[in-house]
Amino acid sequence: MNKVVSIDAAPGSNSLAAFDVERVRRDFPILKQKVYGKSLVFLDSGASAQKPQVVIDAVRECYETYYSNVHRGAHFLSQRCTDAYEAVRADIAGFINAPSENNVVITSSVTESINLVAQTWGRKFLKAGDEVIVSEMEHHANIVPWQLLETEIGITIKVAPIDENGEFLLDSFKQLLSPKTKLVAITEVSNVLGTIVPVKEVIRLAHAAGALVLIDGAQGIVHHGVDVQDLDCDFYGFTGHKLYGPSGVGVLYGKAEVLSAMPPYQGGGDMIEKVSFSGTTFKEPPHRFEAGTPPIAQVIGLGAAIRYVSGLGMDNIAAHEQGLLAYANSRIEDLGGVRIVGQAHDKAAIISFLLDGAHPFDVAAVLDRQGVATRVGHHCAEPLMDRLGVVGTVRASFGLYNTSDDVDRLIAALGKAKDLLL
Ligand SMILES: *Cc1c(COP(=O)(O)O)cnc(C)c1O
C-alpha cells in the first residue's frame with residue numbers, strides 16, 4: 001500500500017478549497033480540551049458526535065429569546081417558536097430530498113423511529129408467518145423491535161449474512177426474499193465494521209419481491225449525503241446526536257402513502273384533531289405520530305447542525321473522511337500486530353480492530369491515557385460479535401473534524417499499547 005503523506009489535503013482540488021479541517025476544528029469548542037494533560041483526540045463520533053458552536057448557540061438562543069411550547073399558544077413567542085420548529089422540518093426534508101416536510105416525523109432517536117414503524121405499521125400490516133429480513137450487522141435498535149413483534153404476532157426474522165470481511169452478501173440476501181417477505185429493515189452503514197451496504201440495490205430487489213424497506217441511516221447520513229427519493233426507500237431513520245446535533249431528537253422519513261395508512265403510535269396532545277369520550281380523530285401525518293410536547297430546542301439544534309454540514313458539503317465531508325480512512329488503514333498496516341475487523345470494499349470511516357494478544361478493554365484504556373478516545377465492547381451489535389467470533393473490538397470512528405494528526409496520535413498510542421500489553 002502506498003504511504004499517504006498528508007490527507008488533510010483531501011482528493012480533488014475543490015474539496016481542498018472548501019474543506020479546511022483546521023478551520024472546521026475551531027468550530028468545536030470541546031476539541032480544544034486536554035485530557036490527562038494531552039490534547040484530546042476524539043475518535044468516538046460513531047457513538048455520538050461533538051457539537052459545533054452554531055448548534056450550541058442555536059439551542060441557547062432558543063432558550064434565551066423565543067422558547068415556548070409549539071402548536072399551542074396564541075402568543076408571540078409560541079408563534080415564533082412554532083415557526084422555527086416547523087422550519088427545521090422543512091430543512092430536514094430538503095437535506096434528505098424528501099418530497100415534502102409532511103414526510104418527516106420528529107422522534108426522539110432512530111431507536112424510536114424504528115420502534116414507531118414496528119408498533120404502528122408492523123402491528124397493523126404483519127401477521128403470523130410474515131417475514132422481516134434484517135442483516136447480521138444490525139444495531140440492537142434494528143433487531144429487538146422486530147423480536148418484540150416475533151413474540152407478539154409470530155412474525156419470522158430472517159438474517160441476511162455477511163462474509164468474513166464484513167461484506168454484505170447480495171446473492172444470499174436475494175435468496176431470502178420470498179412472497180412472505182413483508183419488510184427489509186437494514187442498516188446503511190455498519191456502526192461496527194464501517195461496511196457501506198448497497199442499499200439502493202437491496203431496495204430494488206425487495207420492492208421487486210413486494211416488500212417495503214426501512215433504512216437505519218444512523219451511520220449512513222453522517223458520512224455521505226442521502227436522497228430518499230433516489231433510494232426509493234419506504235422508511236429512513238436517523239438520529240440527531242450522531243449528525244453533530246443534540247441528543248433527544250431523531251427523524252423518521254416515510255413515503256406519504258405508507259405513513260397515511262399507519263395508525264397512531266402514542267396517544268396524547270398534539271396528535272389529535274378532536275377528542276371526545278364518544279370517539280377521537282387524529283391528525284394527518286406527520287403530526288399523527290407526534291404525541292405530546294416534542295424536543296423543541298433539540299429540533300432547533302438539529303436544524304443548525306444540518307445547515308452546518310450542508311454548508312461544508314456532504315461530498316467534501318465524505319472525501320475528507322475517506323482520505324482519513326485510507327491513511328489510517330495504511331498506518332495500521334505498517335504498525336503490524338493489529339487486526340482490522342471489517343475489510344469491506346466500500347467502507348465509511350469506522351475502523352474496528354484488535355491488538356493481537358491483548359484484551360480490547362486494556363487497549364482502549366491505554367489509548368485513553370494517551371488522550372485518544374475510542375469505544376470498546378460489542379457496540380450494541382452482539383449478534384455481529386458472535387458471527388465474527390470476537391468478544392468485542394476497539395472502534396475508532398472518524399468525524400468531519402478529525403485530522404491526519406489524530407491518526408498519527410492513534411498509531412503512537414497503539415505503539416504504546418503494544419509496549420505495555422504484549
Ligand atoms: C447509534 C445507532 C443506533 C441507535 O441510535 P440512538 O440514537 O441510540 O437511537 C441505531 N443504529 C445504528 C446503526 C447506530 O449506529
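Since the model is a prediction, treat every value here as computed from it, not as a measurement. Values below: every heavy atom of this structure, side chains too, minus hydrogens, waters and symmetry copies. Start at 1 and go down the list; that is how both ligands and their atoms are numbered.
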Exercise for review: Record the part of Glu138 in heavy-atom contact with ligand 1 below 4.0 Å; permitted values are side chain, backbone, both and neither.
Suggested key: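 Neither part.
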Practice item. Between Thr111 and ligand 1, find which residue part has any heavy-atom pair under 4.0 Å and reply side chain, backbone, both or neither. Key: both
What atoms of ligand 1 come within less than 4.0 Å of a heavy atom belonging to [X]?
| X | answer |
| --- | --- |
| Val110 | 3 (C), 4 (C), 5 (O), 6 (P), 9 (O), 10 (C) |
| Thr187 | 13 (C) |
| His241 | 6 (P), 7 (O) |
| Ser109 | 7 (O), 9 (O) |
| Asn191 | 15 (O) |

Practice item. Run through Arg123, Lys124, Lys158, Lys182 and flag the one making a salt bridge (charged side-chain N to carboxylate O under 4.0 Å, His left out) with Asp130. Key: Lys182
Under a 4.5 Å cut-off applied to non-hydrogen side-chain atoms, are [X] and [Y] in contact?
| X | Y | value |
| --- | --- | --- |
| Leu193 | Leu384 | yes |
| Arg26 | Lys32 | no |
| Leu177 | Val184 | yes |

**Study point:** Option nearest atom 1 (C) of ligand 1 (shortest heavy-atom distance, choices Lys242, His139, Met137)
**Key:** Lys242
Exercise for review: Hey, can you tell me if Phe173 and Phe168 have their rings parallel, tilted or perpendicular (30° and 60° cut-offs)?
Suggested key: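 Rings of Phe173 and Phe168: tilted, 30 to 60°.
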Check your understanding: Which heavy atom in Glu101 sits nearest to a heavy atom in Arg89, and how many Å separate them?
Key -> O-CD, 3.2 Å
Please tabulate, for side-chain N and O atoms in residues 204-215, each donor-acceptor pair with protein atoms closer than 3.5 Å (sequence neighbours left out).
unit_1 : atom_1 : unit_2 : atom_2 : d
Arg204 : NE     : Glu201 : OE1    : 3.2
Arg204 : NH2    : Glu201 : OE2    : 2.9
His207 : ND1    : Asp232 : OD2    : 3.3
His207 : NE2    : Asp234 : OD2    : 2.8

Review point. Among protein heavy atoms, which lies nearest atom 13 (C) of ligand 1, and at what distance?
Key: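 Ranking protein heavy atoms by distance from atom 13 (C) of ligand 1, first comes Asp216 OD2, 3.4 Å.
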